[in-house]
Amino acid sequence: MRVQVRMMMWLSVAAVMFAAGQVSAQPALRSSYRSLPTDKLNAAFRELGMLEVQERFIYQQEQAGADANELNRLLGELKLSQADRQQNEDAKFALIDDALAAYAEVIDNLDPSRTDFIGKTEKYELQHRWAWLTIDTRGADYILPILGLRASDLDREELLVMMDEAVFTLEDLNDDVSTARRKVRTAGGDQFVVANPRLEDLEAKTGYHLAWAYLYMAMAMDDGTEDAMAEKEFMLEQAIEQVEPYADVDTSGVQDDSRLLIGRAYRELGKYDDALAMLSPVANSGDAKQSLRLNAMFEIARTMAEQGEFEQALDEADAFSAKGQEMAGNENMRIGIRLRTPFLKYYIYMLAAEAGDADASLEASLALNSFYLDTENPRLRTWYLKSVAEMFRGREDLADLPAIALVARGEMLLIKMSAIAQAGQEVPQALKDEVVELADAVLMRGDQASRQVSFRSTDHRTAVVAGAGDAAERTQLA
């Protein structure tokens, strides 16, 4: 009942604001919410999905001469709310970038004195928020393909560049917060009462998030040199050290997450038995979240493949697919399992091929074809081909690419051509020639995997000759 009454209060305030229209200086309007804390009111608007009200509220605060830092905080929250509901990927990341810029401006403006631990805590919290948003939210476009075995070398390079400043921020913050906690005990009084609990919480969050950041960076690194290998090992060992206390005893509700992190880190270090010992309890736990169990199952299959146990790895991949379909709570999760399985099997077969299995290379290509051939949903097909095209981004030797990668690249070029044509512009001949070249590369092959997808290469060739074919449909799918 108490929650319902509070919700009705927020809705009443929102209704007053909506009724007021665009007028921004009405005393009656401001008095309707002036007694409520702005951060709580703004958070309520976001929780309720009332973005128009949230945006108008920020505008009215600005008109009323609110503090610039407070406005930027509110603006950052609004941009994140809008990003959560944005379907277009480019627009989504533009909104996230706006939020990060708003938080960065507040951080730059905050300059607490040496003994102002409450002010320092506020700045540290914002620095942590900025750094982790940069890594976990802005970096997700690279991290998810890396974890899902569908990242290109360019994805890894771009992630490392994007994460660089954020990781340095977390490293410095880790030291600064620990120092502040020691000094605030000496300060005592209100400074200790207010700042210490927040600093304690921030210290735990920063260390935990730094561990994930180290893992992501290590997984993205090229360890081809001795120095790079040493740096990667250092990051992985630091990540393990940061979260080991959470993996041993579940005091913070992140025991399974921490075990998953450590399992991945051990696998990256080549300590496969240790990795499986960490991953298996998560995969088999009836209490762990479904997403964590599925990720652990995926990692177990990958670990066994890297250990050279290819038949067992394929069995685990089949188990991931079958159990994932059973465990999935909704259709989107089931589709996600189906989308991840071909990349996992492709990875396993390619490792087997490198180990000398003469048939594994063909099996890898057939595995990568499977989702495209098994689904009739045009949007899912397009998404899958986009993922495959991105997986092989930057690789120019067509002879080294599986047939589905050539089809995927051709499909993306046709979508680009269609968008150009829809805009009333002339499609460059170079794009047409490239599509034909990709199609011919598939049609000239005689292996089973190429024959399976050759029908689409024929479609691509025909589309170019016909003037990009179903241009409107392709643009809509994109």
Side-chain angles (χ1 to χ4, degrees), residues 87-91 141 145 150-155 335 338-339 342-343 345-346 349-350 361-478:
Q87 298 298 314
N88 181 276
E89 192 173 86
D90 291 338
D141 205 33
R150 54 184 175 85
S152 67
D153 290 340
L154 293 176
D155 287 328
I335 291 171
R338 288 181 56 212
L339 286 167
F343 295 108
K345 287 193 169 184
Y346 177 81
Y349 279 122
M350 288 305 292
S361 182
L362 174 60
E363 293 295 336
S365 295
L366 293 172
L368 210 55
N369 287 354
S370 60
F371 181 89
Y372 182 73
L373 298 174
D374 292 343
T375 186
E376 296 180 359
N377 185 311
R379 291 187 181 276
L380 286 178
R381 275 188 161 191
T382 301
W383 186 93
Y384 182 70
L385 288 180
K386 181 181 178 184
S387 297
V388 172
E390 290 175 349
M391 178 180 179
F392 295 96
R393 186 166 61 108
R395 292 175 57 176
E396 300 303 328
D397 190 347
L398 302 187
D400 289 341
L401 301 184
I404 192 67
L406 304 180
V407 171
R409 193 172 289 182
E411 189 81 8
M412 296 307 106
L413 288 174
L414 275 177
I415 289 173
K416 183 177 181 179
M417 288 167 56
S418 299
I420 293 172
Q422 286 286 298
Q425 301 172 7
E426 184 176 351
V427 177
Q429 186 62 41
L431 288 182
K432 298 178 183 179
D433 292 343
E434 188 174 355
V435 172
V436 171
E437 180 187 9
L438 291 165
D440 287 346
V442 175
L443 294 171
M444 289 172 64
R445 297 181 181 182
D447 63 277
Q448 182 184 355
S450 299
R451 291 197 304 271
Q452 281 186 344
V453 295
S454 62
F455 71 93
R456 198 55 181 157
S457 294
T458 301
D459 291 345
H460 289 173
R461 223 181 185 290
T462 304
V464 171
V465 173
D470 48 351
E473 182 184 352
R474 290 182 187 280
T475 305
Q476 185 180 20
L477 287 174

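Small disclaimer: the values here were computed from a predicted structure and weren't measured. The figures that follow rest on heavy atoms only: side chains count, while hydrogens, waters and symmetry mates do not.
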**Message:** I'd like to know if Asp155 pairs up with Arg393 as an ion pair, taking the criterion as any Lys NZ or Arg NE/NH1/NH2 lying under 4.0 Å from an Asp or Glu carboxylate oxygen.
**Reply:** yes
**Minimum heavy-atom distance Pro428-Ile420, with the two atoms named** = CD-CD1, 4.0 Å
**Request:** For Leu380 and Phe371, work out which heavy atoms get closest and say how close.
**Result:** O-CE2, 3.8 Å
**Message:** What I'd like to find out is whether the side chain of Ser365 reaches to under 4.5 Å of the side chain of Tyr349, using heavy atoms alone.
**Reply:** no
**Asked** Do you know which two heavy atoms are closest between Ala389 and Ala408, and how far apart they sit?
**Response** N-CB, 3.7 Å
**Request:** Show your reasoning for whether side chain to side chain contact (heavy atoms under 4.5 Å, CB included) applies to Leu398 and Glu437.
**Result:** CA-CA 10 Å; Leu398 302 187; Glu437 180 187 9; 3.9 Å; yes
**Message:** Is the shortest side-chain heavy-atom distance between Tyr346 and Glu363 below 4.5 Å?
**Reply:** no
**Asked** Is the Tyr384 to Tyr372 ring centre distance short of 6.0 Å?
**Response** no
**Complete:** Value for CZ (Arg395) from CG (Asp400), rounded to nearest 0.5 Å, stands at 6.5 Å
**Request:** Grab the two heavy atoms, one from Leu443 and one from Arg461, that are nearest each other, plus how far apart they are.
**Result:** CD1-CD, 4.3 Å
**Message:** Please check: side-chain N/O of Arg409 versus main-chain N/O of Val388, any donor-acceptor pairing under 3.5 Å?
**Reply:** no
**Asked** Between Leu414 and Val464, is any pair of side-chain heavy atoms under 4.5 Å apart?
**Response** yes
**Request:** Any chance you could measure Arg451, atom CZ, to Ser457, atom OG, to the nearest 0.5 Å?
**Result:** 14.0 Å
**Message:** If I take atom CD1 from residue Ile415 and atom CE from residue Met412, how far apart are they, to the nearest 0.5 angstrom?
**Reply:** 4.0 Å
**Asked** Taking the side chain as C-beta and beyond, is there a heavy-atom pair between Leu385 and Ile404 under 4.5 Å?
**Response** yes
**Item:** Asn369 vs Gln448 side-chain heavy atoms within contact, under 4.5 Å
**Value:** no
**Prompt:** How about Ser387 and Phe343: do any of their side-chain heavy atoms sit closer than 4.5 Å?
**Reply:** yes
**Salt bridge flag under 4.0 Å for residues Glu411 and Arg456** = yes
**Message:** Do His460 and Leu438 make a side-chain contact, defined as non-hydrogen atoms from C-beta onward lying under 4.5 Å apart?
**Reply:** no
**Prompt:** Donor-acceptor pair, Thr462 side chain versus Thr458 backbone, under 3.5 Å?
**Reply:** yes
**Request:** May I ask you to decide if Thr375's main-chain N or O and Arg381's side chain share a donor-acceptor pair within less than 3.5 Å?
**Result:** yes
**Message:** On a heavy-atom basis, which atom in Arg445 and which in Pro402 lie closest, and how many Å separate them?
**Reply:** NH1-C, 3.8 Å
**Item:** Spacing of NZ belonging to Lys345 relative to CG belonging to Leu366, to within rounding of 0.5 Å
**Value:** 11.0 Å
**Request:** Taking all non-hydrogen atoms of both residues into account, name the closest pair between Ala403 and Val442 and its distance.
**Result:** O-CG2, 3.9 Å
**Asked** More than 12 non-hydrogen atoms from neighbouring residues, nucleotides or ligands closer than 6.0 Å to CD on Gln429, yes or no?
**Response** yes
**Request:** Check whether any side-chain heavy atom of Ser450 lies under 4.5 Å from a side-chain heavy atom of Asp447, and answer yes or no.
**Result:** yes
